[in-house]
Number of protein chains: 2
Amino acid sequence: MVRPRTPLLSRERIVEVATAIVDAEGLDALSTRRLARELGVQAPSLYNHFATKEEIVDAIGDAIVAGVDLSMLGRDPWPAALRGWARAYRAAFRAHPNVVPFLARGPARRPASLRLADAVYGALVSAGWPPAQATRIGAAMRYFVAGSALGSFALGFVADPSLYGADYPHLRDAHRLADRHSEVDEAAFELGLDALIDGLERRFAALHP
Amino acid sequence: MVRPRTPLLSRERIVEVATAIVDAEGLDALSTRRLARELGVQAPSLYNHFATKEEIVDAIGDAIVAGVDLSMLGRDPWPAALRGWARAYRAAFRAHPNVVPFLARGPARRPASLRLADAVYGALVSAGWPPAQATRIGAAMRYFVAGSALGSFALGFVADPSLYGADYPHLRDAHRLADRHSEVDEAAFELGLDALIDGLERRFAALHP
DNA sequence: ACCTGAACACCGTTCAAGT
DNA sequence: ACCTGAACACCGTTCAAGT
């Protein structure tokens with residue numbers, strides 16, 4: 001088949017099927033041939049819509065970031081806005097854990113990430129933070145939230161008691177973390193978020209006495 | 001050449017050369033054939049020392065984590081200890097920026113990471129934090145530090161003024177960030193670290209009135 | 001135990017050819 | 001404009017054969 005009168009592919013459909021593959025089997029399972037097969041097409045056809053495979057992965061990540069709710073940033077007081085945004089961002093990536101390695105692919109040249117940075121920075125400046133501080137806060141929040149999306153802390157510990165006792169005395173009970181990893185990660189995220197915003201509020205208060 | 005009387009390879013030498021390749025040209029440049037060539041050997045020889053290429057990458061990351069100074073954790077008061085450890089961890093990964101994607105490869109089953117977790121947790125518990133809180137603090141710190149190592153925030157913005165003004169009103173001056181990315185990232189890291197530890201100190205004070 | 005050559009089943013990408 | 005088949009230059013890994 002060549003040049004059908006209505007195109008077989010579109011960027012949207014490619015990203016959709018690619019996301020499904022990555023969600024189901026991980027980033028490594030995404031190859032151009034595999035993706036093409038599931039799209040009912042040959043691999044080189046993809047290059048009519050994306051210049052490289054990397055662009056496809058970027059588009060997957062961008063679509064996820066684009067789904068992050070930003071409405072609180074133009075509405076709530078800045079501490080609540082930061083909190084709500086951080087939770088939304090983390091939730092978006094927890095829904096696609098296999099895409100997280102993409103977060104490490106260097107920073108954001110992608111439109112959704114820029115929109116997000118714009119909204120966070122704008123909210124902080126509107127709230128009364130000096131621009132230089134707003135930049136730093138946006139970056140610091142990104143560090144924390146991206147790091148928390150990066151992967152489970154608790155899941156790093158294997159559910160095997162014999163592994164730790166001997167070599168790592170303080171980790172004697174760490175094997176229990178694996179079972180409760182969701183709660184542990186959730187509680188750690190909330191504690192860190194609270195502490196971080198708490199510290200920022202103190203600085204804000206010192207700035208506006 | 002077969003089976004030389006003294007082995008051509010060792011895990012140490014493989015990791016050393018692999019790290020050099022990744023540092024110089026990035027993770028994608030590391031292939032078993034390329035690595036073998038630089039080691040003066042054929043690719044299958046590597047499989048006498050590592051079961052998979054992934055194990056080699058793990059070993060690169062583990063060696064970097066193993067280089068992180070942990071001495072302050074058994075010595076300084078916990079806020080200073082956390083601060084010092086966070087800086088050391090970040091510095092270690094900034095020295096090998098191309099290895100950072102490895103951070104996203106799921107959590108730590110690697111010895112150096114376990115030793116690190118053990119030291120951080122132990123220091124917090126010794127200082128008087130309840131164990132459950134110590135776990136959360138260790139996780140929250142890992143989120144922040146790993147996120148900050150993940151990549152420059154400032155470098156995400158291209159040094160081209162025309163890119164932002166129109167679509168992202170608040171980012172009008174963001175193109176200036178790229179030039180000063182080191183200072184911006186450094187200042188953001190220090191601000192976040194201060195705020196985070198500040199917030200934790202307040203919780204600690206409430207716990208030990 | 002440790003290295004080799006040959007082989008297997010893949011990759012991402014290019015490109016001329018088709019309509 | 002958009003899809004194809006053929007091809008290029010790669011991959012990671014296995015395995016029997018060598019000493």
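Only a predicted model underlies this, so the values are computations on that prediction, with no experimental measurement involved. Letters A, B, ... are given to chains in the order of the sequence lines, protein chains preceding strands, and every chain is numbered from 1.
- Backbone-only engagement by Leu30(B) is indicated by non-hydrogen atom pairs under 4.0 Å involving sugar-phosphate atoms exclusively.
- Close to dG12(D), at under 4.0 Å from its OP1 or OP2, lies a side-chain N or O of Thr32(B).
- Counting any heavy atom pair closer than 4.0 Å across all strands shown, Ser45(B) reaches a base atom.
- Using cut-offs of 30° and 60° on the angle between ring planes, the pair Phe189(B) and Phe144(B) is parallel.
- Pairing of dT19(C), defined by two Watson-Crick or G-U wobble distances under 3.5 Å, is identified with dA1(D).
- Looking at Glu55(A), its side chain does come within 3.5 Å of a backbone N or O of Ala51(A) through a donor-acceptor pair.
- Distances shorter than 4.0 Å separate none of the side-chain N or O atoms of Gln42(B) from OP1 or OP2 on dC3(C).
- Between His49(B) and dA1(C), a side-chain N or O to OP1/OP2 separation shorter than 4.0 Å is absent.
- Among the nucleotides dT13(D), dC2(D), dC3(C), the one closest to the side chain of Asn48(A) is dC2(D).
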Apply the test side chain to side chain contact (heavy atoms under 4.5 Å, CB included) to residues Arg87(B) and Glu190(B): give CA-CA distance (whole Å), side-chain angles for both, the deciding distance (0.1 Å), then the verdict. CA-CA 9 Å; Arg87(B) 286 181 180 139; Glu190(B) 290 293 331; 2.7 Å; yes
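- The nucleotide dT14(D) finds its pairing partner in dA6(C), both defining distances of the Watson-Crick or G-U wobble pair being shorter than 3.5 Å.
- Atom name C1', nucleotides dC2(C) and dA16(D): the rounded distance is 14 Å, in whole Å.
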